[in-house]
Structure formats: structure tokens, C-alpha cells
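Reviewing the structure listed below.
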Amino acid sequence: MRYGLIRKKKGNKWENCCVYDYQSQQIIVQDSDIYVKIYQEVRKGLEPIYIDNIDRCAKQQWGEILQEFGLKSYISYPILNKNKTIVGHLSFMNDEPVEFDRPKLETLFPFCGDLIAINFSDNNETQHFRNMLEQERIYSKNRDLILFSLAHDLNNPISIIKLLSQYLEQNLENGTQKILAKKIENTSSRMKGVIDDILDFSNTRFGREVESLTELVSMEQLIQQILSEFEVIHDRTILTTLRLPLNVHSDKNKMGRAFVNLISNAIKHGAPHKEIEISAFIEKDNFIFRVTNHLSTSHLPNTPDLFKPFVRGSGSKGLGLGLYVTKEIAKFHKGDVEIIREDTKITFKFWIPIK
């Protein structure tokens, strides 16, 4: 046979996947209408067609169609999927009669047809998964944009509420009113924390990062400041060990968010009557910040899931962004966050290089 052809069915349409000229040994471009007409007129049912010479063809109309296009011999083998539905066909044709061993072809073609059907199926599934991934990417991007816009719009009003509540607490004389003002401040602080997490999350997704780290930050002073703020809001016992003889090149605001997130996580998920241990030190050219707390339950968290966005711990009322943002901040500083578990204790080790 001079020409070989594989056609693929896509819905109600057909397309040439490959037309090969065995005489010139190359893939050629042919008028697909020719093959469409031959196929539509000759192909009936799912049985293979073997015509070695149109002059001896039992069906006169087939011979007439092939003669119209200057063909003397023709083979058509349907390609079926596992549901026995036609998904394509394999054809061979020649302008002269051809003698072929039909029993051998009847053995070979089913094997070839199955291989081609698998290829068609794999290509369809690959395209399906690509479409699903693209839809998920668009959805994820739109979700992140909405979150960022919402958090950005809420940030200023919440900050004003917090500031006004602090002013009222300092200037009101009525004890009950001062308590209410304090509650407003605490609530607005929690809301501000959620909003900051969303903004940090959006920054990591959209690449809104500073280009270089030129600021020398006093980590000890920053940690002490954050701990003093927690003392006002929480009554938890925090054991602190700081050994920080030098300042570190870093983004102060981001580092502050990381410290706040790790301490808040220990307070939220730690056993309420157990102390929290915090240490910070320089070791082997790395700045290390460690937070250790006792687990409130015997169930240990699934470590890989802790740093995924929007994954919340049991009983958590937040968005599940704190640890994700913390790890992104560490990565931004060329560092990481590690988890060490021992019995009922869990330690988060945040580290960044100081060189």
C-alpha cells in the first residue's frame, strides 16, 4: 500500500492525524475531503474492510467510489475504545491492486488499533486535566484577588476602631465602659490579625516583596516588644531565653508577623495551663527563633498540612493562613520553618541565615 492514514473522531467531526506516503517515505498533506468522502461512502458498521482489487470487489458501489479517486485497493480498520465505540480508523490505499496476507492483517490490526485507541484516550485525558488545572488556576487567582481587595478595604476601618477603643479605654472613668472598650480593642486586634494574614498571603502570591534586605533589625528588641503586647492580651506563662549579640539583615515588618504568628499559634493550640517556651539565638551563622508548647490534645497534627493555606487546626476560628505566611516569610529570607515533636510537646523552629 502506498498511503497510510490514521483518522481521529472528535465529537461528530473527524480529523486526519497522519497521512503517510510509503513511496516517498514522508508525511504528506492531502485533501482531507477525499478521505472523508471515501470513508463516509464505504464505511458501514464496525467490520474491517479489505479490498485488494476493485475489479474483484463484491460491492460495486465501493469500487466506483475508489475508482473515482484513482484507487485500486483499500483497507479500512475501525479503532474502537474499551466501550466498543468508534474513535477513529486506520486506512491504507493504493492506486494499483495489492496482494496482501489477510489472516496476518486480521491478527495485526486489532493490536495496532488498541495501541492507537490508548494514545487517543491518553491525549483526551491529558487535555481534560489541563483544562481542569487552568480552571483551578483562574479560580485561585480570582479568589486571591478578592481576598486581597477585601482585606485592603477593611484594614483602615479596623485600625481606626482599634485606635478609638484604646483612646476610650484611657479616658473613660466608668469601670464598666472601660471593660467594654477593652473588649472592643481585643476584638479589633484579632480582626486586624486576620486581615494582616490575608494581606501577607496575597503578597506572597502576587510577588509584592521588597527587592533586597538592607535593614539591620534588632531581633531582641523586636521580640521583647511583641511579647509585651501579648502580656496585655493574654495571661499565659511564657518562658523566654534570648541570646542575640548582633542585629540581623531582614524585613522588620515581616519578621514581626512571623513571630506574632508562631506565638499566637502556640497560645491558640497549646494546653491552656502549660507554659510556652520561647528562645532566640545565633547558631552556625543562622538566626533561630523557637516556640515550644504542650499540645492541648493527644492527637498530633499532620505536619505537612500545617503549612498549607486555609487549613485550620481543630477549634481554630482563623482563616488558616498564619503558619503558611510564616513559612513564606522564612523562605523569602532564604530560611525555613521546621517542626520538632516530642511526646506531647511541639516546637516550631524558624531560622534564616545571617550572612
Side-chain angles (χ1 to χ4, degrees), residues 144 147-148 193-227 229-230 238 240-270 276-293 301-313 316 318-342 345-355:
D144 295 344
L147 281 173
F148 178 78
V194 171
I195 290 171
D196 288 340
D197 278 346
I198 295 175
L199 291 173
D200 283 338
F201 170 76
S202 300
N203 284 335
T204 62
R205 303 285 272 200
F206 302 143
R208 297 185 179 95
E209 306 287 3
V210 294
E211 294 183 356
S212 60
L213 299 171
T214 57
E215 183 181 9
L216 269 175
V217 178
S218 172
M219 293 298 187
E220 182 166 348
Q221 182 179 350
L222 179 59
I223 294 169
Q224 292 285 17
Q225 175 188 337
I226 291 171
L227 289 173
E229 294 173 359
F230 273 101
I238 299 178
T240 307
T241 303
L242 304 180
R243 300 191 305 275
L244 299 167
L246 50 83
N247 298 337
V248 179
H249 284 286
S250 60
D251 185 297
K252 182 176 181 180
N253 291 331
K254 293 184 186 301
M255 294 301 293
R257 289 299 303 153
F259 300 154
V260 168
N261 288 343
L262 290 175
I263 298 171
S264 297
N265 182 73
I267 292 173
K268 289 177 184 177
H269 303 292
I276 295 171
E277 302 170 28
I278 293 177
S279 60
F281 49 92
I282 304 296
E283 181 180 82
K284 296 180 180 179
D285 296 328
N286 289 324
F287 163 76
I288 298 173
F289 180 77
R290 292 166 51 107
V291 179
T292 301
N293 64 273
N302 187 7
T303 301
D305 290 340
L306 290 177
F307 297 108
K308 292 180 180 178
F310 303 107
V311 174
R312 299 185 300 177
S316 175
L319 291 176
L321 291 174
L323 292 179
Y324 166 81
V325 168
T326 301
K327 193 173 185 71
E328 291 300 310
I329 292 173
K331 287 163 61 177
F332 170 71
H333 289 84
K334 311 302 181 184
D336 202 355
V337 182
E338 301 170 8
I339 296 179
I340 304 167
R341 297 187 296 193
E342 182 181 359
K345 280 188 175 183
I346 185 168
T347 298
F348 287 84
K349 178 183 176 182
F350 177 101
W351 66 269
I352 62 171
I354 60 175
K355 281 191 176 182

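Everything numeric in this text was worked out from a predicted model, so none of it was measured.
- Of the possible polar contacts, one joining the H333 side chain to the D251 backbone as a donor-acceptor pair under 3.5 Å is found.
- The structure places CD1 of I278 at 8.0 Å from CZ of F230, a figure rounded to the nearest 0.5 Å.
- Separation of atoms CD1 (I352) and CE (M255) is listed at 4.0 Å; rounding is to 0.5 Å.
- You'll find the side chain of I223 reaches within 4.5 Å of the side chain of L244, heavy atoms only.
- Checked against salt bridge (charged side-chain N to carboxylate O under 4.0 Å, His left out), K334 has no partners two or more places apart in sequence or in another chain.
- When each of W351, F348, F281 is paired with R290, the side-chain contact (heavy atoms from CB on, under 4.5 Å) condition holds for F281 and for no other.
- Summarising the geometry of L222 relative to G256, their closest heavy-atom pair is CD2-N, 3.9 Å, with the distance given to 0.1 Å.
- In summary, D336 and K331 do not engage in a salt bridge, as defined by a charged side-chain N under 4.0 Å from a carboxylate O.
- Counting heavy atoms from C-beta on, the side chains of L227 and I263 come closer than 4.5 Å.
- With rounding to the nearest 0.5 Å, the separation of CD in E277 from OG1 in T241 is 8.0 Å.
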Exercise for review: Show your reasoning for whether side-chain contact (heavy atoms from CB on, under 4.5 Å) applies to T326 and F307.
Suggested key: CA-CA 8 Å; T326 301; F307 297 108; 5.8 Å; no
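- Note that CZ of R257 and CD of E328 are 14.5 Å apart. Values are rounded to the nearest 0.5 Å.
- For K254 against I329, the heavy-atom pair with the smallest separation is O-CD1, 3.2 Å.
- Applying the ring pair (Phe, Tyr, Trp, His ring centres under 6.0 Å) test to F289 and every residue at least two apart in sequence or in another chain returns F259.
- In this structure, V291 and A266 approach most closely via the heavy-atom pair CG1-CB, 3.7 Å.
- Of the possible polar contacts, none joining the K349 side chain to the E338 backbone as a donor-acceptor pair under 3.5 Å is found.
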**Study point:** side-chain contact (heavy atoms from CB on, under 4.5 Å) evaluation trace for V217 with V248
**Key:** CA-CA 5 Å; V217 178; V248 179; 5.6 Å; no
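- Heavy atoms only, all atoms of each residue included: V337 and A330 are closest at CG2-CB, 3.9 Å.
- If you check the side chains of T292 and T347, you find a donor sitting under 3.5 Å from an acceptor.
- Atom CD1 of I346 is separated from atom CG of L306 by 6.0 Å, given to the nearest 0.5 angstrom.
- By the side-chain hydrogen bond (donor to acceptor under 3.5 Å, both in side chains) test, T240 is found to be paired with no residue, residues two or more places apart in sequence or in another chain being considered.
- Contact check for H249 versus L216: side-chain heavy atoms found under the 4.5 Å cut-off.
- With rounding to the nearest 0.5 Å, the separation of CZ in F287 from CE in M219 is 4.5 Å.
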